[in-house]
> 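Quick one: this structure, given as structure tokens, is what I'll be asking you about.
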Amino acid sequence: MANLGVDFLGIKFKNPIVTASGAYGYGREYESLYPLSRLGGISTKGTTINVKDGNPPPRIAETPMGMLNSVGLQNGGIDKFLNYELPNLMTKDIRIIANIAGSTVEECALLASKLNGTAVDMIELNISCPNVKQGGAAFGTDAKIAGEVTRAVRDASSLPLMVKLSPNVTSISEIAKSVEANGADAVSLINTLLGMRIDISTRRPVLKNNVGGLSGPAVFPIAVRMVWQVSNAVKIPVCGMGGISCGEDAVEMMMAGASLLQVGAAIFNDAYAPVKIIDEMNEWCDKNGVTDINEIIGTVRPW
Amino acid sequence: MFQNKYEIIKKKMLSYDIVDFTVKSKEISNAATAGQFVHISAPGFFLRRPISICEIGKADGTLRIVFQIRGKGTDSLSKLNEGEKMDILGPLGHGFTTNDRLNSVILIGGGIGTPPMLELAKFYGDKARVITGFKTKELSILSGDFKYAGAQLFECTDDGSLGRKGFVTEELREQIQIKKPDMVFACGPVVMLKGVKQICEEHGILCEISLEERMACGVGACLGCAVKLDKGEGEFYGHVCKDGPVFSSKEVVL
Ligand SMILES: Cc1cc2nc3c(=O)[nH]c(=O)nc-3n(C[C@H](O)[C@H](O)[C@H](O)COP(=O)(O)OP(=O)(O)OC[C@H]3O[C@@H](n4cnc5c(N)ncnc54)[C@H](O)[C@@H]3O)c2cc1C
Ligand SMILES: Cc1cc2nc3c(=O)[nH]c(=O)nc-3n(C[C@H](O)[C@H](O)[C@H](O)COP(=O)(O)O)c2cc1C
Ligand code: FES
């Protein structure tokens, strides 16, 4: 048994596997399969100030080795998160990352300030949701605006701040540098890639929103590339995600430079995916004489 | 809720494109109720396929599912054979009302919406009148099973090749005239459900309908399978996999 524990922004995670925002709700649904305490952490569903109803259905389309979603940040609002979801998660012996999404800079700052003094371990500021018209991708695809939002949230918050980056940009490193310069303690990437499917019998897009975010194993190589580029561009730690579906993927993402990981769409294929990945990481370490997972972070030897 | 690979103990074709599987799963069959569904991994595909539970064999720990080959995922599932294993997550969602005190109920199945009505027919037995509708006689399924369950069966086909020529909604109107039921249950295409909902509301009869939507998680975590609901305080999106698939017809905005 290798040590899988990692220290990320001074917070100890018992293993590097965190369930990705939006793929796991608040964990309630999976507790009958395994205790949440097996996981390193949970990044909760994107929370907005008010209740948000999301986009009309269909919201899901299958793709080769992946899927599109256009959920559109449906959630019960920050007060429900604080009064109902957080108290439950606090009893689960799991690190809690609160994913927040505002439609204006002020809203992002207000959301962050509401989390001060709560049991939340870390904020994940989503500036990259492709499924909402305001905020979201509009923040995450412009280095200057990304920096401004980050600064406003940094000033409003006393918690460690991780900013979640969009892959739908020409240079993700540039955005990463901008949020680093404006006070981000860490970055997480990637959010989903904008995609589209068309039902050729009706000539209609499968998604009612026409377009949606691509995730799952199909995006893994893109995610590895971006995590590698960003880890080389910034000094702050990187939380890597996008298509991780087995222990070897997790190891690969860490070698690319991630010191914490998130697993999303893989859970839809296999509800046990997060715990299987932890077990497989352990097996890989044992087989390869790695006694501490921290040894492998960023150890890719590029040509 | 369980997820495991369960052995297929029986496979049968009910028509050229409708497959009937029985799998061994003590844990799921113990926990399952009529109208719930399972989420099945189709070999070679990323997302699972939601399929209703057709029959629960509590005594022998089995589960029966009947589905139509619609696209590539159900086609790949249909190629599994007896002795092989099926990767199933379930039971999921909440099912139909099963209440001993109801004395007369009508169950309606349209096309491939018929299978989930069988377990319910087994519960209500001779208190149930079952109305099924198919395009034509060759596509009709499960008649023998409904009769064996003790229900009275009224079949309809679009072309009149079996039973009544016409829609299940016409048969429903007639059956209500003969004897007003305590409750109506339905599963089938949306146009049919709209008709059933309207007729039941006209007559003040409680009605439950089972809905479909594209799913990812199947358990209520991803919020993918949205359906417009209205419980009297304005419209909002609920989720088929968790709030349904069975809904009170009054709550659903079709
Ligand atoms: C709760 C529930 C119960 C169901 N019960 C049955 C049943 O008992 N028997 C039966 O024959 N069919 C049932 N269906 C429909 C069945 O899930 C679809 O026919 C099947 O998913 C199609 O998959 P495919 O790969 O063959 O088609 P494709 O069109 O290739 O599938 C592409 C994607 O769309 C999804 N999809 C396509 N059609 C539907 C649909 N109608 N509903 C939901 N997702 C869809 C698929 O799951 C897949 O993710 C049920 C659906 C739901 C939601
Ligand atoms: C259904 C669904 C909902 C999502 N909702 C959110 C969200 O609310 N906030 C967010 O930051 N990311 C959201 N994401 C993105 C994921 O957190 C993750 O960044 C992305 O899916 C890539 O990882 P994966 O391939 O492991 O799923 C969502 C993804 C999916 C599939
Ligand atoms: S499919 Fe995920 S919430 Fe219903």
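To find a chain, count down the sequence lines: A is the first, B the second, and so on, and within it residues start at 1.
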> Is A:Pro64 close to chain B through its backbone or its side chain, or both, or neither, when contacts mean heavy atoms under 4.5 Å?
neither
> Let me know if A:Leu33 has heavy atoms under 4.5 Å from chain B in its side chain, its backbone, both or neither.
side chain
> Name all residues meeting the side-chain hydrogen bond (donor to acceptor under 3.5 Å, both in side chains) criterion together with B:Thr97; count only those two or more places apart in sequence or in a different chain, and write none if there are none.
B:Glu208
> At a heavy-atom distance under 4.5 Å, which candidate from B:Gly224, B:Gly44, B:Cys225 has the highest pair count against chain A?
B:Gly224
> Please state whether the side chain, the backbone, both or neither of A:Ala271 comes within less than 4.5 Å of a heavy atom of chain B.
both
> Contact part of B:Phe2 toward chain A, heavy-atom cut-off under 4.5 Å: side chain, backbone, both or neither?
backbone
> So, using salt bridge (Lys or Arg N to Asp or Glu O under 4.0 Å) as the criterion, who are the partners of B:Glu138 when residues are at least two apart?
none
> Can you establish whether the number of heavy atoms outside B:Phe167 located under 6.0 Å from its atom CZ is more than 12?
no
> Taking side chain as C-beta onward, heavy atoms only, is B:Met215 less than 4.5 Å from A:Ile60?
no
> What pairs meet the side chain to side chain donor-acceptor pair (under 3.5 Å) rule with one or both residues in residues 245-254 of chain B, with sequence neighbours excluded?
none
> Step through the atoms of chain B and chain A and list each donor-acceptor pair whose separation is under 3.5 Å.
| from | atom 1 | to | atom 2 | distance (Å) |
| --- | --- | --- | --- | --- |
| B:Gln3 | OE1 | A:Ala271 | N | 2.8 |
| B:Gln3 | NE2 | A:Asp270 | OD1 | 2.7 |
| B:Phe46 | N | A:Glu62 | OE2 | 3.3 |
| B:Phe46 | O | A:Asn269 | ND2 | 2.8 |
| B:Leu47 | N | A:Glu62 | OE2 | 2.8 |
| B:Arg48 | NE | A:Asn269 | O | 3.0 |
| B:Arg48 | NH2 | A:Asn269 | O | 3.1 |
| B:Arg49 | NH1 | A:Glu62 | OE1 | 3.2 |
| B:Arg49 | NH1 | A:Glu62 | OE2 | 2.8 |
| B:Arg49 | NH2 | A:Glu62 | OE1 | 2.7 |
| B:Ala221 | O | A:Gly25 | N | 3.4 |
| B:Leu223 | O | A:Arg59 | NH1 | 2.8 |
| B:Tyr237 | N | A:Asp53 | OD1 | 3.2 |
| B:Tyr237 | N | A:Asp53 | OD2 | 3.2 |
| B:Tyr237 | O | A:Gln74 | NE2 | 2.9 |
| B:His239 | NE2 | A:Gln74 | OE1 | 2.8 |
| B:Lys242 | NZ | A:Glu29 | OE2 | 2.6 |

> Which answer fits A:Ala265, side chain, backbone, both or neither, if we ask what part of it has an atom under 4.5 Å from a heavy atom of chain B?
both
> Taking all non-hydrogen atoms of both residues into account, name the closest pair between B:Phe46 and A:Pro217 and its distance.
CE1-CD, 3.2 Å
> Check each atom of A:Val51 against the heavy atoms of chain B and say whether the ones under 4.5 Å are side chain, backbone, both or neither.
neither
> Using every non-hydrogen atom in the two residues, find where B:Ala221 and A:Ala23 come nearest and quote the distance to one decimal.
CB-O, 4.0 Å
